[in-house]
Amino acid sequence: MCGIVGAVAKRPIAKLLIDGLKKLEYRGYDSAGVAVIDAHYQLKRLRVAGKVRELESVMHDHLFQGQTGIAHTRWATHGVPSEKNAHPFVSHDEFALVHNGIIENHSVLRDQLQRDGYCFHSDTDTEVVVHLIHKNYKKNQDLLAAVRAAVMELKGAYALGIISKHDPSRLVAVRQGSPLVIGKSQGENFIASDPLALLSVTQQFIYLEDNDMADITLEDIKIFNMDMQEVKREQHTLSISHDAVERGEYRHYMKKEIMEQPEAIASCLEGRVTDDHVLPAIFGPGADAIFSQVEHIQLVACGTSYHAAMVARYWLESLADIPCTVEVASEFRYRKIAPSKNSLFVTLSQSGETADTLAALRLARKMDYLSTLAICNVPGSSMTREADLQFLTRAGVEIGVASTKAFVTQLTALFLFVLALRQKRTADTQLEVELVAQLRRVPALVEKVLQQDAAIVNWARALMNKEHAIFIGRGALYPVAMEGALKMKEISYIHAEGYPSGELKHGPLALVDTNMPVISTVPGGELLEKSLSNLQEVRARGGKLYVLTDQVHLFDQDSFAGAHIIAMPCLHAALAPILYTIPLQLLAYHVAVLKGTDVDQPRNLAKSVTVE
Ligand code: F6R
């Protein structure tokens, strides 16, 4: 995680770097810093513990001027968030460096450098790198060669940005395992962890690949591999508007992103379904042949994306009759795997850069899988570049750390995926015709659910002072309960757990008393009676029931007196996970707002988890 921005320009760039950092704060926000080379070819540096706005408030533009610089917003891994552990790090006031990632062999390197006389001023893994560059520069006075020599000694994952007072109009960047992009403009060039940071200055981007080292000056960008051979990387034009990353009228990005969901789902569907079927070509050239052979699906993801994968398992087995296994990436990558025959490996990721998921994909590519598919929201991200097949969810830029619109578009994409696979397994199109018709209703129905905002605020008032909450659901709504609980913990810091409703009596029911809110999803369908019995189990222990249901009439009876009910629109039961997610997102949001927590940047978290 952590966010990097850098620039080499012919104008003062400190403010521009800070503005870029603000766009990257989703990647980490516990400390921030900036370094520039001033008119006297001296390095100037400013760091604070805290957010970018605190850095901004102590930075006086007129005193902090320079045309080449680097900046950083941190998500602490080694060393507590503090000024001394904030980037950039400097060596002998000659070199400054920012880093995103983890240097695994930092303690060995630190010991060696200390023996060579280097003094350390931080507890981080990063500081070794800048001293290594200094040490190597002394040998032949060449910045690029010094960076290369330093990098050759590193183990781990890193994206680096380096400036030197000896080369005041030069910026060196390195990528190994953590994302880094070059922004290209007229007479000035930039680097950043994410193109979003640079949209105000350019739309032209070059994505670095692992082992790339870029030598960037005002007019020129040269990219080398670690053998110092020049390599060519494609230039991409990004058409995301600057406004897409603004908060607009909303108090928080999360609320904006929740409200954008009807449009996001519609965009995910656009050009991919007709009135009655999923277009077969939407998973790209080659998908058709692969889908015909598939006998098993392996889904791998983290966090919210993992919950989407769990929902997909229910769909794959019930609608397409394809066995499916789902696993969190951090587990998948470190155990011995025996791939099933003709198994398609699928990663789900909003960012396309999550370290564990990316590592799992790389591993799968070396194993005996039929093929790999990345379902992802960010075009050009590592996963979309590395998987054999790609499918973009088109949620638009998601900035709130708690994922919302990315999740519902992942569900939408997965539903299309399941129907596309189903086409290969059965000639019976009747169910597909019905499901596609229902799917096309989803954006309008999500709009309707969003209108329940005021009712959800009332629930939030009742929950805001609780310390615990249980979320329950059955079938494909069990992962939705887990997602609701995750949203609640992430942004409101209330301890919440998601359970399959039928599991309550096997343990968690012991927690239920008159103080325990139990939030449940109860759509009509085959499992309705079972869900109602589970709710009675909760009521009998005095638990407070909060029910989302399209079967409101069933809750008029005395046996549910006191239960809080919100009416949901009716839709085919298979699609209920998409609709029932929305009120759970709103609930977590309103509880967090009432509690006054930092909704968009919850404590200890960051959005794009590019470290293990
Ligand atoms: C929770 C959340 C995280 C991410 C997880 C994976 O709201 O956003 O749990 O879902 O870190 O990230 P991606 O989807 O980018 O791989």
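Each ligand, and each atom within it, is numbered from 1 in the order the structure gives.
Counting only residues at least two apart or in different chains, ring pair (Phe, Tyr, Trp, His ring centres under 6.0 Å) contacts with residues 382-420 comprise Phe283-Phe391, Phe283-Phe417, Phe291-Phe417, Trp315-Phe415. Sorted by first then second residue, the side chain to side chain donor-acceptor pair (under 3.5 Å) pairs that include residues 472-486, not counting sequence neighbours, are Thr304-Glu483, His307-Glu483, Arg474-Asn534, Glu483-Lys487.
Crowding of Lys489 atom NZ: a count of heavy atoms from other residues, nucleotides or ligands under 6.0 Å exceeding 12.
A distance of 6.0 Å or more separates the ring centres of Phe205 and His236.
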May I have the N/O to N/O pairs between ligand 1 and the protein that fall below 3.5 Å, each with atom names and distance to one decimal?
from	atom 1	to	atom 2	distance (Å)
ligand 1	7 (O)	Thr304	OG1	3.2
ligand 1	7 (O)	Ser403	N	2.9
ligand 1	7 (O)	Lys487	NZ	3.0
ligand 1	7 (O)	Glu490	OE1	2.8
ligand 1	7 (O)	Glu490	OE2	2.9
ligand 1	8 (O)	Val401	O	3.3
ligand 1	9 (O)	Thr304	N	3.2
ligand 1	10 (O)	Thr304	N	3.1
ligand 1	12 (O)	Thr354	OG1	3.4
ligand 1	14 (O)	Ser305	OG	2.6
ligand 1	14 (O)	Gln350	N	2.7
ligand 1	15 (O)	Ser349	OG	3.4
ligand 1	15 (O)	Gln350	N	3.4
ligand 1	15 (O)	Ser351	N	2.9
ligand 1	15 (O)	Ser351	OG	2.7
ligand 1	15 (O)	Thr354	OG1	3.3
ligand 1	16 (O)	Ser349	OG	2.6
ligand 1	16 (O)	Thr354	OG1	2.5

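Going from atom CG of Leu299 over to atom CZ of Phe332 covers 10.5 Å, rounded to the nearest 0.5 Å.
A search for ring pair (Phe, Tyr, Trp, His ring centres under 6.0 Å) contacts involving Tyr369 returns Phe345, not counting sequence neighbours.
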